Each structure stands twice: as C-alpha cells, then as structure tokens.
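Notes to accompany the following structure.
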Number of protein chains: 2
Amino acid sequence: MRVACSQCNLRELCLAVGLDEGDLHKLDDLVTKRKLKRGQQLYRAGDPFEAMYAIRTGFFKTDILTEEGLEQVTGFQMAGEIIGMDGISNDRHVCNATALEDSEVCVMPYDQLEELSRKIQTLQQQFHKLMSREIVRDQSLMILLGSMRAEKRIAAFLLNLSQRMRMRGYSASEFHLRMTREEIGSYLGLKLETVSRAFSKFHDEGLIGVQQKYIRILNADGLKALLNHSTP
Amino acid sequence: MRVACSQCNLRELCLAVGLDEGDLHKLDDLVTKRKLKRGQQLYRAGDPFEAMYAIRTGFFKTDILTEEGLEQVTGFQMAGEIIGMDGISNDRHVCNATALEDSEVCVMPYDQLEELSRKIQTLQQQFHKLMSREIVRDQSLMILLGSMRAEKRIAAFLLNLSQRMRMRGYSASEFHLRMTREEIGSYLGLKLETVSRAFSKFHDEGLIGVQQKYIRILNADGLKALLNHSTP
DNA sequence: CGAAGGTTTGATGGTTGTCAAATGGTGTGG
DNA sequence: CCACACCATTTGACAACCATCAAACCTTCG
C-alpha cells in the first residue's frame, strides 16, 4: 500500500516539513501504510526496532510494564505525531504502542530513513527536531508529575488535549476521550478515582461538561487559572 | 583550546563510539573545551541553541523554572554524558544547565555536528542513539515520578547514581553527592524534608551510611529489595 | 568568629490512595 | 432484538503518606 507524503494534509506536522517536491517523492518511496483495529498493538516492548510510525488517522497510547507488572502510560498520540523513537537507543522498543481506536499509520523503515536523512539536510534537521521535541515533551510531563497537584495535572491534561485538537482543525472545546479514566490516571500518576473526582468537581464548577468520555470545555480560562495558582 | 577525542578516556560513553582514527580526527576538529566553576551556568533557558556539550569532568544539573517561579530539576549529569539536546527543537534551550562542581566540557557546535554526521554514518547513528537514550531516560523518570512512593524513588535514585559511578570506574559503594537535599527532592518530586527523612531511615536500617553529602552504600541488595516491593 | 545556608527532626494537617458498593454503558450471544 | 455479563465510572468513608511549619543543629565560608 502506497501513500503520498506530497498529498498528505498532515505533512506540516510530520517529517515532511519543509521538503520540496523532489525530496517529498523520495520520502514517498520508503513509506508504506498499515491499518490497526482498536486494541491492536503497533509494537511491543522488546520487539526489534525496525521503523518509526507517523499516525495518519486514529489515536494511540504508549505504555511500559513496570517491574511489578503494573502498566504505566507514557503518552497519548494523535494524527500527525510520530512514534517509535524510543527503539533507536537499543535496537529494541522499550514500550508498547496500542491503537485506542481504528487507526492508520505510515511505516518508515529506520535504516532507509537514516540513509535518506544523510542526503537531505532538511529531512535530517526535521528528524532531529522531532526527537528533541519528544525530549522536551517528556520533560514537561516530568514537571507535571513532580510538582503539580492532582487537579492541576488534570486541568493541564485537558488543556493540552484541547490545544492539540485545535492544531489539527478539530473542535478544541468538545471531543471524545479515547482512553479510560484508569489510563489517564496512569499517565498523570494518579488513581482512576482521583481522576473521576476531579472531572466531577470541574463539572460542578461549570468548567467542563462531562458525559462519560464526551468532554466539553466550558470555561477554558477557568482551567488555565488553575494552572497559575500556586501550590495549595 | 583543543582536545583530542582520539585520546579521551571517555570516548566509549560519548559521541565518538565506534569511530575509526580518521573520523575521530574530523570530530576533534570541531570540538573545543570550556571550563566552568561551581555554580556557573553552561546555558540558560531561552539562550539560542548553538552547541551540544560533552562533560569531560565534573557534575551538572539541568533545571526548568516552572510558571510559578519554582525550580524543577530535570536531571543530573556526569562525565561522559551529553547535554543540550533539548535546544534542538526550537533553536533555543528550554532548561538551564549549571555546574555543581568545577567542571570541563567539550563544546560541539551543532551545525558542524549535523554536517559531519551526514558524512559519517557511524557518527549519525551514535547521535541518534544518544537522543533516543535521553528519551528513554526521561521515560524511566516519568515512571519513577508517576508510580513510586517516596522511599522507592530515593532508593532508585541512589542505585542509579551508584551504577553510573561504577560505569566510570569510580567506587559504586561510596561517593559524594554534589547536589543538595532540595535539588534531589526537586528531581524526585519530593520535599527536602522527605528526602532527609528517607536518608535517615535507610541509615537506621543499615542500608546506607550518611554523613552530610558523603554516602556509603552498605547494603545494595536491601535497597534493590525496596524497588521490587509492591505499592504499600 | 559570625553569618548564612544546608540538614535533621518533630508535630500537625491536607491530599490522595485504598477499599467498597452502586450505577451506568457496551457488546455479545442466545 | 433483547438479556445478560462485563467493564467503566461514580461516589463515599477511611487511612496512609507526604507536605507544611517550626525549631535546633551542623557545616562552610567570608
């Protein structure tokens, strides 16, 4: 299955940023598509690292099994985002990637990508920026986990999702959560009950509307205000 | 000031892994040295990103100022480790890097490094592995912050330091902490008092010896056992 | 030698985890 | 197409853990 980066409406979020026509076609040549049903895994921890994946449609989570056998979610990814970079360091993936809804990804074989990025400077730069962005993203999450209280974490989580929806042209004020309360909690270092309670509290305060997984942001400024509040 | 990667005893930890003689000299040509006194900053958040730095001697911390003006430590780095990769994504550094003791770094101008890594495949691969390792490292910290209790975090912190000391040929069982209790706490998402209490408790239990910043690991297996214990 | 900063230790309270039970949704197989 | 089972979510009561506030001690450095 072939797919054309040159035709893709997500190329501004993806590795293809800034490439000219000719280079786009070279990138096209190494990309194939793959479809996943909800619940299917794109790769598992321990799998040999062969490719990176650009999400075309759908929604993913990445997670790690801790020593004690507990699952910890390390990220939620949506269309236009790249996953799999964790595998480069040891030639094996360290986390699992699971589709949270029916999804489609572009498969980019890593050795070919490396080769092409030696030839195309713009691609090389974009690749490095993507990896660096992942580092910065992880560090923001560290700050969130290390210094924020439960409600702040959840407010930050909702605002982050909202902003990423907007960047993709979806509504920033209402959307379906693709993950469970437990997965949110795992991501934010909280228990599912705490997540549920915070949702209920925000609901009572008129900040958001909650109907199961359907969320409406009713007062974005109110949520942002929670972030600026000091520690209490 | 010139420095020879080909002569450096840390090259197996650094970007120079796997390079042959000729390539090592090309890397030499773009590297310069810089010395820092304790407390001096290598770069600050917001500074334009110009270079990555390999630590030759000394000890660093990286930190970020949160919205509320609180400092959050994102990492401690020692000889052989590379810092500055956070700056690639936006051409500006997002964190501060501060020497915690008198230190010396190799300055690697980024544009030259990028250029050279297009020519030397081994260098390119090593560079990517380093960035990926940083991503994986951040994710381990996320797990630690998201799912471990205070004592576990601190046990994990001590064991991690110990192991990195061993890898560098220093004693793994006794060393000086270069950072304060407050900095440890900030890194681990705890308050300094909690760090101090955990040290005291480990001390009372005969797991470690503590004299201010001088730490001895007396019972490494005992510390490791704390990590395997479930949530209690 | 004095001051400043780092560390230890104690007492107390707040936030979040734990356990438990009830409710609501979803999907499958009869 | 409905009934049932199963999973996700909500809510409450309680306990554990860690943060906070406070005071004393220790080290280091000017």
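Labels below follow one simple rule: chain letters A, B, ... track the order of the sequence lines, proteins then strands, and each chain is numbered from 1. Note that this is a predicted model, so its numbers are computed, not measured.
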Salt bridge flag under 4.0 Å for residues B:K33 and B:E104: yes

Length of the CD1-C1' vector between B:I184 and D:dC18, whole Å: 17 Å

Below 30° counts as parallel, above 60° as perpendicular, anything between as tilted: where do the rings of A:Y43 and A:H93 land? parallel

Rounded interatomic separation in angstrom, taking CD1 from A:I215 and P from D:dT9: 10 Å

Look at the side chain of B:Q211 against the base of D:dC26 and say whether a donor-acceptor pair falls under 3.5 Å; ignore hydrogens and angles. no

Distance below 4.0 Å between A:K213 side-chain N/O and D:dA8 OP1 or OP2: no

Check B:D138 with A:R137, please: is the shortest side-chain N to carboxylate O separation under 4.0 Å? no

Answer with yes or no whether A:E193 presents, from its side chain, a donor or acceptor under 3.5 Å of a partner atom in the base of C:dC19. yes

Give the nucleotide from the list D:dC18, C:dT8, C:dT18 with an atom nearest to the side chain of B:V210. C:dT8

From C-beta outward on B:L190, which listed nucleotide comes closest to its side chain: D:dA22, D:dC18, D:dA13? D:dC18

Which whole-number value in Å describes the distance from B:E182 CD to C:dT7 P? 9 Å

So, does the side chain of A:R197 form a donor-acceptor pair with the base of C:dT18 at under 3.5 Å? yes

Would you say the ring centroid of A:F76 lies under 6.0 angstrom from that of A:Y187? yes

Within the structure, does a side-chain N or O atom of A:T194 lie under 4.0 Å from either OP1 or OP2 of C:dT16? no

Phosphate OP1/OP2 of C:dT9 contacted by B:S196 side-chain N/O (<4.0 Å): no

Closest to side chain of B:T180, choosing from C:dA11, D:dA8, C:dT7: C:dT7

Length of the OH-P vector between A:Y214 and C:dG25, whole Å: 16 Å

Heavy-atom count check: over 12 atoms from other residues, nucleotides or ligands less than 6.0 Å from A:Y170 OH? no

Go nucleotide by nucleotide along DNA chain C from the 5' end; which of B:L192 and A:R38 gets its closest nucleotide reached first? B:L192

Please report the distance, rounded to the nearest Å, between NZ in B:K191 and C1' in D:dC17. 15 Å

Figure out the CD/P separation between A:Q212 and D:dT11, and round it to whole Å. 11 Å

How close or far is atom P of C:dT16 from atom CE of B:M148, stated in whole angstroms? 20 Å

Using atom CG of A:D204 as one end and atom C1' of D:dT10 as the other, report the distance to the nearest whole Å. 12 Å

Quick check on D:dT9: is either OP1 or OP2 less than 4.0 Å from any side-chain nitrogen or oxygen of A:R181? yes

Could you tell me whether B:G185 contacts a base, only the sugar-phosphate backbone, or nothing, with contacts defined as non-hydrogen atoms closer than 4.0 Å? nothing

